[in-house]
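Structure record follows, encoded as structure tokens.
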Amino acid sequence: MNDLHNYRGRFAPSPTGPLHFGSLVTALASYLEAKSLGGQWLIRIEDIDPLREPPAATSQILNSLDVHGLFPDAPVLFQSRRHGAYHAAIEHLLSKGLAYRCSCSRKQLQANHGRHPQHCREVDAVTPGQPFAIRFALHDEQCYWQDQLLGPQHQIVRAEIDDPVILRKEGFFAYQLAVVVDDIEQGITDVVRGSDLLDMTAQQLQIYQALEATPPRWLHIPVIVNDQGQKLSKQNHAPALNDHTPVENLFNALNALHQKPPDSLLGGSVENLLKWACEHWERDAIHLTSR
Ligand code: GLU
């Protein structure tokens with residue numbers, strides 16, 4: 001178990017667009033959890049998918065975090081500069097037989113009920129020149145872990161059918177691998193993120209074990225939804241945060257996290273609001289947030 005005194009948390013946005021209210025809530029929750037425990041808080045830009053990343057998104061996100069007073073305790077890490085580390089991790093997993101090459105198309109897998117027609121896990125059936133993905137070979141199908149907010153979790157991973165891609169056919173590294181390699185590199189002890197990623201956790205736990213690293217504690221907060229009950233996201237056209245009203249945005253984010261900020265904070269500064277929020281942070285109140 002990680003040492004609480006060395007708490008290191010992080011916010012790790014994918015720069016698919018500017019920050020919206022839902023991402024501010026996640027950033028703020030991870031920041032307050034770290035700061036209220038006397039820990040460090042880092043920022044990592046998960047820019048591993050250039051096809052989904054508008055060129056201005058990274059600077060917009062970093063500027064928004066800045067305007068909202070959410071300053072990291074170490075330089076920002078960019079996944080686009082970490083390819084060497086991901087390569088090394090993949091080589092390690094391949095050499096231990098914990099990952100395999102697979103050239104199956106989505107169609108082929110679907111037609112075969114998700115099972116690899118060429119038994120990719122057992123036989124390396126990739127022919128030279130053929131594009132292939134690399135998949136992590138999941139093991140224990142029953143996974144148990146503890147969420148800091150939601151309590152004991154039990155997940156069944158469907159090995160082989162769900163073996164996650166860690167290097168995509170197009171040559172891009174995949175989220176499941178990069179997030180684990182970088183949380184290890186940055187010494188992250190505690191991950192606070194949206195509950196839309198809850199289902200990813202069991203797979204990530206297995207990747208930690210395969211890389212012989214200590215997993216962090218996880219805390220999943222309810223995602224913020226729009227009037228139609230959909231997660232706020234770029235795909236659902238969530239509006240960008242208005243960086244001219246940071247105090248109001250943070251105040252609303254605290255309310256969304258059920259922290260009951262007093263109205264008097266609205267007339268003050270960002271620093272003042274964050275100071276209040278740190279001193280009054282109540283993790284268990286988040287439970288009341290709508291899912
Ligand atoms: N980059 C991911 C996202 O923006 C979050 C990764 C994580 O917190 O594990 O959804």
Side-chain angles (χ1 to χ4, degrees), residues 2 7-34 39-54 57-62 64-65 70 72 76-82 85-86 89 136 145 147-150 153 155 164-166 168 172-208 211 213 215-225 230-236 238 240-241 253 257 286:
N2 296 306
Y7 186 112
R8 255 165 107 87
R10 50 65 163 182
F11 175 57
S14 305
T16 51
L19 282 194
H20 52 72
F21 182 66
S23 26
L24 179 68
V25 171
T26 305
L28 184 62
S30 64
Y31 177 87
L32 292 175
E33 182 71 9
Q40 293 195 319
W41 182 75
L42 311 182
I43 297 174
R44 181 170 71 236
I45 297 292
E46 302 211 315
D47 50 352
I48 42 170
D49 189 350
L51 303 180
R52 290 180 57 225
E53 296 160 2
T58 291
S59 57
Q60 285 170 331
I61 290 174
L62 292 176
S64 267
L65 291 169
L70 303 174
V76 175
L77 190 76
F78 294 87
Q79 291 196 324
S80 54
R81 300 178 196 163
R82 299 266 304 141
Y86 308 144
F136 176 71
W145 57 277
D147 188 276
Q148 296 293 101
L149 187 67
L150 306 173
Q153 301 293 308
Q155 267 178 273
V165 168
I166 53 178
R168 291 161 50 190
F172 300 134
F173 295 101
Y175 159 70
Q176 290 290 42
L177 177 85
V179 73
V180 172
V181 169
D182 287 343
D183 278 339
I184 296 171
E185 166 69 20
Q186 292 189 288
I188 300 302
T189 61
D190 290 77
V191 170
V192 175
R193 61 185 181 187
S195 57
D196 53 321
L197 294 170
L198 194 63
D199 288 350
M200 303 281 175
T201 311
Q203 301 189 2
Q204 290 169 13
L205 188 57
Q206 293 198 13
I207 299 178
Y208 272 93
L211 294 174
R217 286 173 288 246
W218 281 281
L219 188 162
H220 290 86
I221 64 169
V223 294
I224 305 294
V225 295
Q230 302 159 322
K231 181 196 165 205
L232 287 194
S233 68
K234 193 174 162 245
Q235 291 89 311
N236 296 326
L241 272 182
L257 291 163
I286 308 173

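Start at 1 and go down the list; that is how both ligands and their atoms are numbered.
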Distance, nearest 0.5 Å, that separates [atom1] of [X] from [atom2] of [Y]:
X: F173; Y: D49; atom1: CZ; atom2: CG; result: 13.0 Å
X: W145; Y: L205; atom1: CH2; atom2: CG; result: 8.5 Å
X: R217; Y: L149; atom1: CZ; atom2: CG; result: 14.0 Å
X: L28; Y: I221; atom1: CG; atom2: CD1; result: 8.5 Å

### Message
Taking 4.0 angstrom as the limit and counting only heavy atoms of V179, give me the atoms of ligand 1 inside it, by number and element.
### Response
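This gives 9 (O) as the contact atoms.
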
### Task
Please could you name the atoms of ligand 1 that P13 approaches to less than 4.0 Å, counting only its heavy atoms?
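Under 4.0 Å from P13, ligand 1 has these atoms: 1 (N), 4 (O).
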
### Query
Are any of the N/O atoms in L197 less than 3.5 Å from those in ligand 1?
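By distance alone, the answer is no.
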
### Task
Would you mind finding which of H220, R44, R193, E46 brings a heavy atom closest to atom 6 (C) of ligand 1?
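Selected option, by shortest heavy-atom distance: E46.
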
### Main-chain N/O of I188 paired to D183 side chain as donor or acceptor, under 3.5 Å
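No; zero donor-acceptor contacts below 3.5 Å.
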
### Query
What is the closest protein heavy atom to atom 8 (O) of ligand 1, and at what distance does it sit?
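Going atom by atom, the protein heavy atom closest to atom 8 (O) of ligand 1 ends up being R10 NH1, 2.7 Å.
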
### Task
For atom 5 (C) of ligand 1, grab the closest protein heavy atom and report residue, atom and distance to one decimal in Å.
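Among all protein heavy atoms, the one nearest atom 5 (C) of ligand 1 is A12 O, 3.3 Å.
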
### Message
Counting only heavy atoms closer than 4.0 Å, does ligand 1 sit against the backbone of S14, its side chain, both, or neither?
### Response
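Within the 4.0 Å criterion, S14 contacts ligand 1 through backbone and side-chain atoms alike.
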
### Query
How does Q79 reach ligand 1, if at all, at less than 4.0 Å between non-hydrogen atoms: by side chain, backbone, both, or neither?
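Within the 4.0 Å criterion, Q79 makes no contact with ligand 1.
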
### Query
Is the F11 ring parallel, tilted or perpendicular to the W41 ring (thresholds 30°, 60°)?
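Geometry flag for W41 against F11: parallel rings.
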
### Task
Could you tell me if any non-hydrogen atom of Y175 lies under 4.0 Å from any atom of ligand 1?
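Flag set, Y175 near ligand 1.
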
### Query
Side chains of R10 and Q186: do they bring a donor and an acceptor to under 3.5 Å?
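There is no such pair between these side chains.
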
